[in-house]
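Written out below as structure tokens is the structure these notes cover.
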Amino acid sequence: MRTATLGPVERVEALAAMAARELDVLVVGAGVVGAGTALDAATRGLRAGLVEARDWASGTSSRSSKLIHGGLRYLEMLDFALVREALKERGLLLERLAPHLVKPVPFLYPLQHKGWERLYAGSGVALYDAMSVSSGHGRGLPVHRHLSRKRALRVAPALRKDALVGALQYYDAQMDDARFVTELVRTAASYGAHVANRARVVGFLREGERVVGALVRDTEGGREYEIRAKQVVNATGVWTDDTQGLIGERGQFHVRASKGIHLVVPKDRIHSSTGLILRTEKSVLFVIPWGRHWIIGTTDTDWDLDKAHPAASSADIDYLLEHVNAVLHTPLTRDDVEGVYAGLRPLLAGESDATSKLSREHTVAHPAPGLVVVAGGKYTTYRVMAKDAVDEAVHGLDQRVAACVTEDTPLVGAEGYRALWNARARIADRTGLHVARVEHLLNRYGSMTEQILELILADPVLGEPLPAADDYLRAEIVYAASHEGARHLDDVLTRRTRISIETFDRGVRSARLCAELMAPVLGWDQERIDQEVEHYEKRVEAERESQRQPDDLTADAARLGAPDIVPG
């Protein structure tokens, strides 16, 4: 398999190729489900296309809790099938599909009542582990363990002594959600899918009642393309109803948005060697290890305002700080918060009793001939959702189509990752990079790390870290534009890297250097560099202002004070 390069030339070629010849399947929306659907279709031998109005994972799929998990709390709801399915997918990702991106992470669950709570919670976690092993893909994670209060405080000294009487520790997994989607898109392209971001569907092509393709506008250049396809898959998440509205079809279900916000704080603010999972009156709260940081989240509130830029209000931030501080020995303050991000969960809201109960489960429908809709679900089970969507699309194809093979199709970077990890000290010696830098690259790019190292070999300056965000090398910024489809500074600072949430300045001090590194790849002149930097600075200021507002309405208005660099 030739690993696809998603540079500016390849993007133009992909749009032209989609317009030149009818596709079997056109997927609209490049979040995790859409990218997974394109990969599923391409690996069945179908001629597949994928278009995204903004950037890969620019919606929900870059703003999650970054967890790959079975959903421990769904056991309490007795939704055993959903948990079993998710645990199987978690195991596949850890062991086979993306071991370079998906990593085990420990969580401590503090117990607050003696006796019954340990028995109740312990039984649930034991069942969770048993279901993981029975899936055939869960043997790589340690099993849960019971801890006394003394032992729990040893692994999590940050906890107040009166916040627990003991604890349980169990394992789940995590990943960088936006990076994962980028690798999914590249994998799909490597198997022959034509992919293009900044390509917005502005209408559907119809012959009678049948949908036969889409009218797609290249938002970078303004040109419109008629892309014909035997089947179109709407995988636009919280935009599902908007996309359906383009053909005037009323679906059997609707998707409503639920907002979840997260805080990012430095690692030294919470003294613990394990993540935490805490009960709140509404749901659960996670404190998740994230490199040199912690991610704290999340909330769960209805959102019916701007879907592209959900805003975190001051009340949201206070809610998370209040709940995490209830168990911390040294409370966190606003000054400890490096980054804040808000995302929207696509929850199914049916028009009948049957569909209104769907909640976090997904559904697939065929609302019009030639059009398939997939919605709902959770990040961990994206591959199952993609399979179901393509299975549904296949019913409308007048040809025999192979069965799904994505269970055995690793993402780009996975093949050879473990061998390179074992050789990381030798790679460090060969390249002159510190072994910690090599580990960082391997856990972001897997075997694609060799491409980064080639850039550094050609220009040793690219081996230097960014001065204001020294977790990242300059080569990674160039690579994002040349190989990963980054079209704008915001794409790089927010999704290809996480500088926008991992630094107190939200990436402002890194902006100009990153724009200058991207410029030769994307053909930017000085005026364009200045424009990209100015736009990013305005975006950051608008987000900061929104986070000072008391409620959703005022926060949304403040966030919309900075327009997109590419008008929608």
Side-chain angles (χ1 to χ4, degrees), residues 10-31 33-42 44-54 56 59 185 188-189 192-255 364-375 386 389-399 401 566-568:
E10 289 80 7
R11 175 180 169 278
V12 173
E13 290 175 348
L15 283 167
M18 284 188 272
R21 180 181 164 196
E22 184 184 43
L23 302 172
D24 293 315
V25 176
L26 172 65
V27 184
V28 182
V33 175
T37 301
L39 174 60
D40 189 295
R44 296 196 200 197
L46 296 173
R47 182 173 167 81
L50 173 68
V51 292
E52 162 59 44
R54 295 189 294 153
W56 322 131
V185 173
H194 302 295
V195 303
N197 54 1
R198 304 290 174 181
R200 179 182 298 277
V201 170
V202 293
F204 286 100
L205 306 178
R206 304 196 67 159
E207 289 184 4
E209 65 174 347
R210 186 173 189 84
V211 174
V212 296
L215 182 63
V216 176
R217 178 182 299 135
D218 176 359
T219 59
E220 302 280 272
R223 181 177 172 185
E224 291 190 350
Y225 296 83
E226 283 195 359
I227 299 177
R228 303 185 74 83
K230 296 173 184 174
Q231 293 286 306
V232 177
V233 178
N234 175 5
T236 51
V238 294
W239 286 273
T240 297
D241 292 1
D242 303 69
T243 310
Q244 289 297 101
L246 292 175
I247 59 166
E249 292 290 341
R250 185 177 176 85
Q252 298 100 322
F253 58 86
H254 293 288
V255 175
V364 176
H366 222 134
L371 179 67
V372 172
V373 182
V374 55
V390 177
D391 283 346
E392 185 68 28
V394 163
H395 291 315
L397 297 177
D398 187 23
Q399 63 191 85
V401 178
V566 179

So, His194 versus Glu10: side-chain donor-acceptor pair below 3.5 Å or not? no

Give me the atom names and distance for the closest heavy-atom approach of Val255 to Asp241. N-OD1, 3.4 Å

Is the backbone N or O of Ala30 less than 3.5 Å from a side-chain atom of Glu52, with the two atoms forming a donor-acceptor pair by type? yes

Supply the atom-to-atom distance Leu215 CG to Phe204 CZ, rounded to the nearest 0.5 angstrom. 10.5 Å

Residue pair Leu50 / Gly34: nearest heavy atoms and the distance that separates them: CD1-O, 3.8 Å

Quick one: do Glu220 and Arg200 make a salt bridge, cutoff under 4.0 Å? no

With the threshold set at 4.0 Å, does a side-chain nitrogen-carboxylate oxygen contact exist between Asp24 and Lys230? yes

Side chain to side chain contact (heavy atoms under 4.5 Å, CB included) for Val372 and Asn234? Distances and angles first, verdict last. CA-CA 6 Å; Val372 172; Asn234 175 5; over 6 Å; no

Of Thr243, Val28, Val373, which is the lone residue that meets side chain to side chain contact (heavy atoms under 4.5 Å, CB included) with Val232? Val28

Backbone N/O of Gly192 and side chain of Arg47: donor-acceptor pair under 3.5 Å: no

Give a yes or no on whether the backbone of Ile247 and the side-chain of Arg206 come within a donor-acceptor separation of less than 3.5 Å. yes

Are the side chains of Val51 and Met18 in contact, using a 4.5 Å heavy-atom criterion? yes

Above 12 or not: heavy atoms from other molecules or residues under 6.0 Å from CZ of Arg223? no

Does the side chain of Thr219 reach to within under 4.5 Å of the side chain of Arg54, using non-hydrogen atoms? no

May I ask you to check whether over 12 heavy atoms, not counting those of Glu22, lie within 6.0 Å of atom CD? yes

Applying side chain to side chain contact (heavy atoms under 4.5 Å, CB included), run through Leu397 and Gln231 and close with a yes or a no. CA-CA 8 Å; Leu397 297 177; Gln231 293 286 306; 3.9 Å; yes

